[in-house]
Amino acid sequence: MGFHLSLQNDIRCMETETQALLSFKQGLLDPYRVLSSWNAGANVDCCDWRGVRCSNNTSSSPHIIGLDLRGSGDERLIGEVGSSLTQLTHLDYLDLSSNEFDRISLQDIGSLINLNYLNLSRNNFATPISPHLGNLSNLSVLDLGSNGWVADNLRWVSRLSSLKHLDLSSVDLRSANDWAGIMSKLPVLQRLSLSNCSLPQPVLNPYENTNFSRFLAKLDLSLNHDLNSSIYSWLNNFRNSLTHLDLTRSNLQGFNMDGFENMTSLVFLNLRSTKVDFHSPKWFKNLCNLKLLDLSGNNGGGLLSDVLKLFPQCVLNSLETLYLPSNKLFGSLPDFTLFPSLKELELSFNMLNGSIPQSLGQLSNLEHIGLNQNVLEGEVSEAHFSKLVNLKSLNLDGNLLAFNFKEDWVPPFQLQSISLANCSFSTRFPRWLQTQNFSYLDISLNGISDTIPDWFWKNLSPDLLYLDISLNEIRGEIPDLDLKFNQMPLINLGSNEFEGQIPAFLFGAQNLDVSRNNFTDISGLCEVRYSPLYLLDACANLISGQLPNCWDKMPNLVSLSLAYNSFSGDIPTSLGSLTTLKFLNLRINNFSGQIPWFNYTELKVFDASYNNLSGTIPSWIGSRLPNLVRLSLRFNHFQGNLPSSLCNLRNIEVLDISLNSISGSIPTCLHNFDILTGTSNASMVQDQLRDLILMWKGQERLVHGHNLEIQRGIDLSGNHLTGEIPNEITKLVGLVSLNLSRNELTGQIPKEMGQLQSLDFLDLSRNRLYGPIPSSLSQIPRLSMLDVSYNNLSGSIPLGTQLQGFKTSSYAGNPYLCGDPLKECVSEQTSFNSNVHVVNEYEQEEHTLMTQEMLISISVGFIVGLWGIFASLLLNRRWRHAYFKFLTNIIEKLK
């Protein structure tokens, strides 16, 4: 940050200016100690302070003429820019960019009339721009970009006649209809950036004599979505000077591209996502200086060969960067020797077919190849890269290519970025990677079935940004390296056959996916002092035993998945220190004990289903987890009542506490679920942990993707709940699924159940409900699954296409229920006494089981008793003789 000039004599800067700087510092927050050298003292010279530049006066005290406090990623100032800077009247250079300043008086800045350079960009300023900046007539550079400024007009700019560089990016200029006329009056302007300014259409006075700048060379009008083809009439005024033009995401639909043929000085032309039709045969004709052409995302369509025929020979010779992705281009690739100067080639996300010509390997200047997401096929060999000595980036993923390299091939290039996902490698791990110093590597889904060599891990760069070798069959253990990443990379090793310990160095990543492997040890996370992990997915491995208790080393963790392992014992208390956690998945393990106290105010998804957790459901869940969207405690050993504090989960969309031993009644405060009642909008749940195991239409299913986004349900089945179904449940009009089966609920089905118009699945089976089926159920249009079997329901099934369309099994076990699809009703109303007890399936099974147990007991008793008698006679000789003597006497008497 900044400059400083130390004078070689005893003359020090003026006291008033020293005090001005100290006052400026006092109004700031400086957590990074950027201004640690700014201290008062008897012999202090502010010219030696960081960021301060003084004049070279030798006979009198120097003045401060420059202040460079530009911030950086790890050095930023925070707070208000105070008015004390107005005392630096000789200041000609002021740079406060890239900090976190949020307040400033532009009127004060406008009093610094000697300023030649002013940069206030990339801060948090969000006020109207003061016209007092127009007083700075000596300015040659003004950068106010990337803040929240607003300007109703730009008349003040017209007074800055010395301006050469003006950047107003992200200033809201939607009301500044004078922008085009004002910019045309800046006689020496060379660079102008009005990106993302919500610019209106240019309005020029045809009777006004405007002296357009003859020097404007670089113009950025990108991200102004309301600009259309009428902009060209204004651009044409700079046709002889413009070298760089960026119109990204403007609306040039219907624009006649032939007008560009007069802009003969253009070197850089960006028309990305402008809806422009670039098939005009004339517009390239005179652009012989063009080096970069970006036509990305215009969906132009057509044969690639026809598009390239538009290029005159001079453009083919000069072009260094050609971007044509996402244009629905089809056909085969051309002879690339037509582009002798080409450095960057991007043709991704089209419909190009055929093979890659070997002429590609002749472009010795080529640095980037992007042919991904096409339908290219055929073999790729060493010949395709024979002279690509400058190649730095290669992206061929998503094609039908087969890579055939000799095992000892040494590439002529040093790639930094390699993206070859979903290509066809041999089953051997590619040895040529040993020669590359990559920061980005994606070789996922390539059918590699091999032990990964040690050199791969030892060659990993500390500057790694991205590593994805997932969806292969790569084996082996990963060595524990003494490697510290500089950039917090994204690492995906999922769906392979890695084993052993997850080494500690991997926890230095930002995202780490080691799921679906054979790892057996996660204790390496306790070996790090600090982990920047944001996402950790270690699900579906072979890790067992106690979960390590050192999660306090990951203060930034947002998503944690440990599902489908064999963890046992208590959930460690240090998990409670993850205060930024939003997604926690502990599904299908052997965790036991109670859920420890969590304070996850940001948690959206908590899945602890299929474990051995016990005790009562913690009452603090409703207060400490206020943002929960999905809660699944399915298939554990929880008991006791449902705490009423669960009703504080206003954002809940999926609540699953099925298959436990919960007793008591269903809370009547369920109408507090704002999302399910439709009183609040649904929460946005990001990509992490976007699946849940749910009972869906009578079967357990893993619901994910779009099906989970639309899934809103309550499942309390398989417990010991008693009492009636509360009427408040009918207010949950957003419910898609409701499962209260296999409980001991009594009373009648609420008459207003038909208000649940979004309901697709309703299971009330195997309870003790009685009375009629409410007629309102026949009015639920989306209901595709209904089960009210094995209750004490009676009366006629209400008429309606929905209810008559279900199988008889949906109503079985209700002997007093009649009507289609069951037997016809004898009369219009069938009387039924709710006190009569109808034996349901469970009780019948219990009676049958008791009968079977009684018969088995009698039989076993008889056999054991009989065997006891015979065993005694067999083993005791005297008893045996006495017994047979007794029998002989009886027989004799009978004779």
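In what follows, every heavy atom counts, from backbone to side chain, and hydrogens, waters and symmetry copies are set aside.
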Counting N and O atoms only, with roles assigned by atom type, does the side chain of [X] sit under 3.5 Å from a partner on the main chain of [Y], one being a donor and the other an acceptor?
X      : Y      : value
Asn327 : Asn350 : no
Asn147 : Leu120 : yes
Asn124 : Asp102 : no
Asn365 : Leu342 : no

Item to check | Spatial distance of atom OG (Ser250) from atom CG (Leu221) [nearest 0.5 Å] | outcome: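 If I round to the nearest 0.5 Å, the distance is 6.5 Å.
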Checklist entry - Which atom names give the shortest non-hydrogen contact between Phe349 and Asn374, and what distance separates them? => result N-ND2, 4.1 Å
Checklist entry - Looking only at heavy atoms, what is the nearest atom pair of Leu252 and Leu271, with distance? => result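 Closest heavy-atom pair between Leu252 and Leu271: CD1-CD2, 4.1 Å.
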Checklist entry - More than 12 heavy atoms of other residues, nucleotides or ligands under 6.0 Å from CZ of Arg249: is that the case? => result no
Checking side-chain polar atoms at under 3.5 Å, does [X] have a donor or acceptor matched by the opposite partner on [Y]?
X      : Y      : answer
Asn116 : Ser140 : yes
Ser121 : Ser146 : no
Asp172 : Ser198 : no
Ser130 : Trp156 : no

Checklist outcome for this item: Asn317 meets the side-chain contact (heavy atoms from CB on, under 4.5 Å) criterion, sequence neighbours left out, with Gln313, Pro340
Checklist entry - With under 30° as parallel and over 60° as perpendicular, where do the rings of Phe385 and Phe413 fit, or are they tilted in between? => result perpendicular
Next on the checklist: Please verify the inter-ring angle class for His244 with Phe268; under 30° counts as parallel, over 60° as perpendicular, anything in between as tilted.
Outcome noted: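 His244 vs Phe268 ring planes: parallel.
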Next on the checklist: Pair Glu100, Arg76 - check salt bridge (Lys or Arg N to Asp or Glu O under 4.0 Å), show working.
Outcome noted: CA-CA 7 Å; Glu100 295 182 27; Arg76 297 184 304 277; 2.6 Å; yes
